[in-house]
Peer 1: 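Pasting a structure here, questions to come.
Order of the sequence lines sets the chain letters (A, B, ...), proteins ahead of strands, with each chain counted from 1.
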Amino acid sequence: MNNYPLNVGQKCTTMIEQKNTEMLTGSIKETSIRMLKEKSISYRKKILQYIVGAKAGHTGGSLSCTDILNVLYNSVLNVSPENFSSPDRDRYIQSKGHCVEALFVVLADQGFFPEDDLNTMCKYKSHYIGHPTKKVKGVEQNTGSLGHGLPISVGVALAAKMDKKDYKTYTLLGDGELPEGSNWEAALSAAQYKLDNLCAIIDKNNLQITAPTKDVCSTDPLDKKWEAFGWSVKEVDGNDVEALLEVFKSLPFESGKPSVIIANTIKGKGVSFMENQLKWHHGVPSKEQYEQAQQELDNALTEL
Amino acid sequence: MNNYPLNVGQKCTTMIEQKNTEMLTGSIKETSIRMLKEKSISYRKKILQYIVGAKAGHTGGSLSCTDILNVLYNSVLNVSPENFSSPDRDRYIQSKGHCVEALFVVLADQGFFPEDDLNTMCKYKSHYIGHPTKKVKGVEQNTGSLGHGLPISVGVALAAKMDKKDYKTYTLLGDGELPEGSNWEAALSAAQYKLDNLCAIIDKNNLQITAPTKDVCSTDPLDKKWEAFGWSVKEVDGNDVEALLEVFKSLPFESGKPSVIIANTIKGKGVSFMENQLKWHHGVPSKEQYEQAQQELDNALTEL
Amino acid sequence: MADEINTKSYKANLEIFSETLQRLAVDDTNIVAVTSDSRGSGKLVPFGQKFPEQMVEVGIAEQNLVGVAAGLASCGKKVFAVSPACFLTARALEQIKTDVAYSNNPVNVIGISAGVSYGALGSTHHSLHDYAVMRAINNITVVAPADNFETAQAIELAAKTNEPVYLRFGKKAMPPLKEVNDDVFAFGKGRVICEGDDVAIIATGETVYPALQAAARLKEKGIAATVVSMHTIKPLDTDLIASLAKKCKAMVTVEEHSIYGGLGEACASFLMQLGNHSQGGIWSGAFKIIGIPDEYTVTGSQQEIMDHYGISEAGITETVTTLLNK
Amino acid sequence: MADEINTKSYKANLEIFSETLQRLAVDDTNIVAVTSDSRGSGKLVPFGQKFPEQMVEVGIAEQNLVGVAAGLASCGKKVFAVSPACFLTARALEQIKTDVAYSNNPVNVIGISAGVSYGALGSTHHSLHDYAVMRAINNITVVAPADNFETAQAIELAAKTNEPVYLRFGKKAMPPLKEVNDDVFAFGKGRVICEGDDVAIIATGETVYPALQAAARLKEKGIAATVVSMHTIKPLDTDLIASLAKKCKAMVTVEEHSIYGGLGEACASFLMQLGNHSQGGIWSGAFKIIGIPDEYTVTGSQQEIMDHYGISEAGITETVTTLLNK
Ligand SMILES: Cc1ncc(C[n+]2csc(CCOP(=O)(O)OP(=O)(O)O)c2C)c(N)n1
Ligand SMILES: Cc1ncc(C[n+]2csc(CCOP(=O)(O)OP(=O)(O)O)c2C)c(N)n1
Ligand SMILES: [Mg+2]
Ligand SMILES: [Mg+2]
């Protein structure tokens with residue numbers, strides 16, 4: 001149960017006891033990392049495309065967590081359109097539901113639905129709305145109100161323990177989201193039940209809507225808080241797919257403890273004028289801005 | 001603002017800038033301590049009396065926090081029936097509202113209302129009900145649902161900062177109460193606003209209704225949690241009036257930080273067969289038990 | 001009749017809840033109870049002893065209680081999330097709204113010691129708003145069983161139904177409404193306990209019994225009452241209401257809840273709009289909602305509060321008599 | 001008329017809220033706004049810039065928002081606790097119930113982007129239950145201003161009134177209901193916007209404007225409508241309802257809320273019980289509640305959702321016409 005599946009660049013649809021991490025030999029690894037980097041850029045391009053299409057969206061936070069979702073869905077999670085109704089699938093619950101664009105783009109790429117569906121985003125009667133709902137294949141839970149993902153994930157991870165199942169549960173939280181007390185209630189329960197099959201990832205982009213998180217309601221020192229709440233903590237550059245891969249590979253960080261990854265990210269990552277800018281929290285690019293952004297991302301691709 | 005009033009055994013009704021803590025000279029101090037010890041016993045006797053009268057009450061938790069309330073009302077708080085409508089009074093907000101019997105007995109002793117009123121406890125149309133309400137003079141806020149005292153106290157302490165007033169705000173929480181996420185939301189705000197005029201006291205009696213707190217939802221290590229949330233922490237024997245006096249005297253523990261006192265107490269303190277017994281959480285003594293308890297407390301008084 | 005209520009031989013509905021759950025858990029390891037330091041008040045101590053693996057304790061943290069319950073339910077557990085109604089439907093309301101109802105995780109949300117059951121513990125411990133808010137939230141059935149029979153039936157159904165359900169319980173020992181329970185219990189179908197053409201008394205939960213007592217008093221006065229146990233507040237049994245409206249001169253609703261937003265208003269708004277329904281013409285009878293008025297609730301025991309507001313044998317009898325004499 | 005709504009020259013009620021608060025704060029340092037990463041949506045950025053000492057930010061923690069607000073209010077601050085209605089009245093419901101209403105701390109709870117204002121953000125962001133639950137909680141006035149005039153008046157009143165108030169706002173720019181606002185604004189007194197004897201349309205908040213548009217359409221069809229802005233849902237202006245019931249053949253209520261537990265049911269239950277009131281006889285007109293039905297809310301923009309459910313000029317016109325033709 002302590003062995004996380006790690007399938008760099010090659011998804012397995014059924015759960016494989018995969019103790020042999022040596023398969024990550026040099027060349028495979030390099031190819032895979034390159035592929036992941038390409039995917040990150042292509043995801044970012046699509047995120048912007050559908051935000052512009054919907055004339056709405058959470059741009060900055062979708063771009064900050066793109067690499068995390070990329071690595072999760074392409075290399076970590078044992079989940080696919082084929083096994084999505086299997087009770088053994090891994091679960092990913094996106095607590096920061098407002099960054100639904102990142103999730104939808106990645107789910108489309110995974111084949112959960114035709115990417116074309118995303119052209120209906122936020123339109124009348126479309127289920128591709130501004131937050132994840134189970135009406136969209138691949139989505140585990142309806143989120144959007146912050147502070148709900150972790151308690152639900154605790155329930156899901158607990159069910160795995162009860163049923164002696166090997167699936168893992170992952171949830172992604174924003175840093176501005178952390179003051180919600182429901183998170184800390186769930187953090188206590190996860191430690192109490194020794195849920196080492198649970199991994200929370202904090203998209204620590206240091207910004208929320210009003211201001212930098214430290215000025216709104218600081219949660220620093222973040223590692224100390226989680227440690228004091230009984231979790232095992234690792235920090236990582238959350239925009240570095242290789243570093244992310246490594247850290248997911250080392251799950252669970254400690255046996256008998258839930259794991260939290262503090263992923264240091266850049267809000268608006270990948271688009272120069274969006275990076276670290278408050279106003280891009282839910283900013284929608286103008287035509288010019290959109291073109292510049294796409295250009296920058298295309299350049300990044302050629303420079304890979 | 002960093003200087004807490006400390007009036008051992010002699011209440012002042014108006015706020016006095018009292019830098020001179022040397023007044024606690026040996027003999028005065030001894031007298032005061034003895035008086036406090038006597039009061040603790042007399043409060044415990046009355047708590048049991050009115051619980052038996054009302055045929056209901058939270059016995060164990062009222063007995064565990066008796067010494068804390070005793071020291072607060074007799075030696076720390078600048079609050080009295082006379083100054084209760086003054087905006088400058090100190091505030092005490094009892095978050096663990098279920099232990100209302102301890103509060104009522106102490107308030108009666110402070111002259112907020114005739115003790116005789118407590119004979120109506122829990123009776124039809126009485127305002128002396130099973131939780132504190134503002135209908136009873138001396139009560140600051142209606143509590144009873146756990147996890148409400150700290151957020152309100154943060155508001156009260158913040159108002160003092162805004163109005164540049166010197167009053168201090170104290171709130172008492174149970175240890176079982178701590179998982180409520182609202183507490184941690186408020187803890188973050190208190191640190192963010194540097195509320196060094198705020199003091200939270202945890203009545204750490206290690207029991208709640210179902211089981212020992214550590215088995216229900218442990219909050220250990222408690223000091224580490226509060227520290228990580230930006231508070232300054234001290235531990236104390238919460239049934240030792242002298243130790244309590246000392247710790248209150250040292251408030252605020254750090255300038256620019258809220259203070260939390262982890263008061264290690266014994267649930268059911270003072271009555272042998274109630275101490276550390278789960279079932280006395282809201283147990284009402286039988287006639288025999290009541291008599292034995294009173295006898296034990298009388299003995300303790302003579303042995304002082 | 002009044003003294004019968006206090007007779008030891010009757011059991012509280014909550015005990016039946018616990019017994020039923022234990023019975024179901026023997027064959028079904030997916031039955032799970034989740035508590036927040038509430039297993040004592042939920043009468044679940046024996047359940048916890050017998051099925052420690054099927055009992056989840058989250059501590060005093062009601063939001064987490066419901067979130068965890070939703071997660072468990074999404075993995076196929078048949079979850080009963082048990083906590084005082086006052087905390088569940090206020091502190092954890094958003095979790096009920098989004099994690100249970102909106103996400104369609106089939107949690108059975110069990111609100112215990114509801115209404116003014118906690119008596120002298122005061123308004124922090126009363127739930128007078130839960131019907132109102134649960135009715136306004138989509139995708140959750142709202143049920144308040146009146147007696148042991150309805151409780152057992154409701155719990156069995158809830159364990160089977162793969163849908164969110166809110167079940168509300170009091171604390172009191174409840175006598176049976178009928179000597180022989182020959183009717184089929186189904187959510188959304190009111191139970192007619194006795195019949196009469198003068199007045200229809202539509203009650204729910206622990207108020208059905210005093211309504212039945214009132215019917216006996218009224219009979220002595222020559223007034224024939226129909227008494228309905230409207231155990232399901234949502235979806236409302238509008239067919240039954242419509243047929244009673246046709247038959248009876250007056251209708252009185254009874255609930256241990258605010259007079260706003262609960263069973264009474266559900267009936268009133270249905271009847272007011274009946275003119276637009278296929279069922280028939282416009283109602284012209286007398287109508288009265290009995291419940292807790294919108295004021296600082298009087299203090300006292302549950303019984304004292306209920307008596308004070310006329311949610312009692314005497315109070316219901318009087319309200320009906322006055323209404324019919326108008 | 002329909003296009004006028006989108007005209008730039010109109011302001012959202014929330015902007016008037018912010019402007020009024022800024023005006024009041026100049027002379028009154030006790031005016032305090034409390035936000036939970038919501039100052040942008042609350043239009044309070046300029047307030048925060050001008051009065052940084054009177055602005056309290058608690059971060060994304062709505063329970064704490066209300067608790068802190070209650071504490072501030074207990075010390076004489078005139079507090080406006082501002083956050084999306086969906087979170088305030090669900091996540092922080094227990095704090096509103098106990099810390100504000102029960103403890104009688106005079107907080108003005110400001111629910112922004114209410115109803116389905118957040119459109120395609122979905123049900124986590126909609127508040128369709130807030131009238132229902134606030135009505136069922138004692139000691140809180142429930143107000144939904146319809147236009148800029150009502151907003152300014154309501155905020156001034158709220159700042160003066162030493163009582164808990166829940167104020168609900170949408171996001172849209174709102175045209176004035178009247179050319180000259182010569183009426184006195186008071187909580188609990190509905191505003192009659194236009195008069196007519198065929199039907200009374202009782203609307204609230206942002207739905208009053210489409211009701212007024214519908215009245216114009218109905219007039220073309222020869223149907224004379226009274227339109228009321230029932231800005232205060234609780235306490236309800238029962239005198240006005242009673243007098244309209246006497247005068248009009250039909251009554252229609254309109255709200256951006258569940259059809260359960262809100263304005264519509266408040267009117268229905270009052271009318272149903274009117275037979276027992278001193279005001280007069282039993283209502284026999286036609287009655288219809290327009291609002292969001294109890295179903296998975298259709299997805300789309302606010303306008304699309306409103307149109308879908310007939311909470312619109314066309315929808316209200318059609319409902320009234322159908323009702324009168326019965
Ligand atoms: C309970 C709740 N309160 C408020 C909001 C509104 N809201 C949406 S996103 C957001 C800021 C989130 O900041 P953060 O968690 O840091 O997300 P990120 O920076 O990754 O976008 C807020 C306040 C919400 N969705 N849920
Ligand atoms: C929000 C809330 N949930 C549950 C309860 C019921 N309750 C009352 S006392 C109590 C146990 C409290 O334990 P602790 O805080 O340790 O208090 P103490 O041991 O000092 O009595 C519980 C669960 C409550 N009053 N409020
Ligand atoms: Mg952030
Ligand atoms: Mg304790």
Peer 1: Can you see which heavy atom on Pro179(B) is nearest to which on Ala61(C), and at what distance?
Peer 2: O-CB, 4.1 Å
Peer 1: Name the one of Glu304(C), His308(C), Gln303(C) that satisfies side-chain hydrogen bond (donor to acceptor under 3.5 Å, both in side chains) with Tyr124(B)?
Peer 2: His308(C)
Peer 1: For Ser38(C), is it the side chain, the backbone, both or neither that has a heavy atom under 4.5 Å from a heavy atom of chain B?
Peer 2: backbone
Peer 1: Could you tell me which of His125(C), Arg91(C), Arg39(C) has the largest number of non-hydrogen atom pairs under 4.5 Å with chain B?
Peer 2: Arg91(C)
Peer 1: A quick test of your reading: do over 12 heavy atoms of other residues, nucleotides or ligands sit less than 6.0 Å from NZ of Lys269(B)?
Peer 2: yes
Peer 1: Measure from the side-chain N and O atoms of Thr299(C) to the backbone N and O of Ser126(B), and report whether any donor-acceptor pair falls under 3.5 Å.
Peer 2: yes
Peer 1: Could you give the distance from OG (Ser36(C)) to CD (Glu180(B)), rounded to the nearest 0.5 Å?
Peer 2: 8.0 Å
Peer 1: Looking at every non-hydrogen atom in both residues, tell me the closest pair between Ile60(C) and Leu146(B) and how far apart they are.
Peer 2: CD1-CD1, 3.8 Å
Peer 1: On a heavy-atom basis, which atom in Cys217(B) and which in Gly59(C) lie closest, and how many Å separate them?
Peer 2: CB-CA, 3.9 Å
Peer 1: Flag yes if more than 12 heavy atoms outside Glu295(C) fall under 6.0 Å of its CD atom; otherwise flag no.
Peer 2: yes
Peer 1: Given heavy-atom pairs under 4.5 angstrom as the criterion, report whether the side chain, backbone, both or neither of Lys123(B) touches chain C.
Peer 2: backbone
Peer 1: What part of Val58(C) is in contact with chain B, defined as an atom under 4.5 angstrom from a non-hydrogen atom: side chain, backbone, both or neither?
Peer 2: backbone
Peer 1: So what's closer than 4.5 Å to chain C heavy atoms on Ser182(B): side chain, backbone, both or neither?
Peer 2: side chain
Peer 1: Who among Gly181(B), Ser218(B), Gly130(B) has the most heavy-atom pairs with chain C under 4.5 Å?
Peer 2: Gly130(B)
Peer 1: Which region of Tyr118(C), side chain (C-beta onward) or backbone (N, CA, C, O), has a non-hydrogen atom less than 4.5 Å from a non-hydrogen atom of chain B, or is it both or neither?
Peer 2: neither
Peer 1: Contact part of Glu177(B) toward chain C, heavy-atom cut-off under 4.5 Å: side chain, backbone, both or neither?
Peer 2: backbone
Peer 1: Quick check on Thr133(B) against chain C: is it the side chain, the backbone, both or neither that has a heavy atom closer than 4.5 Å?
Peer 2: side chain
Peer 1: Just verifying a value: how many Å separate Leu121(C) CG and Ile129(B) CD1, rounded to the nearest 0.5 Å?
Peer 2: 7.5 Å
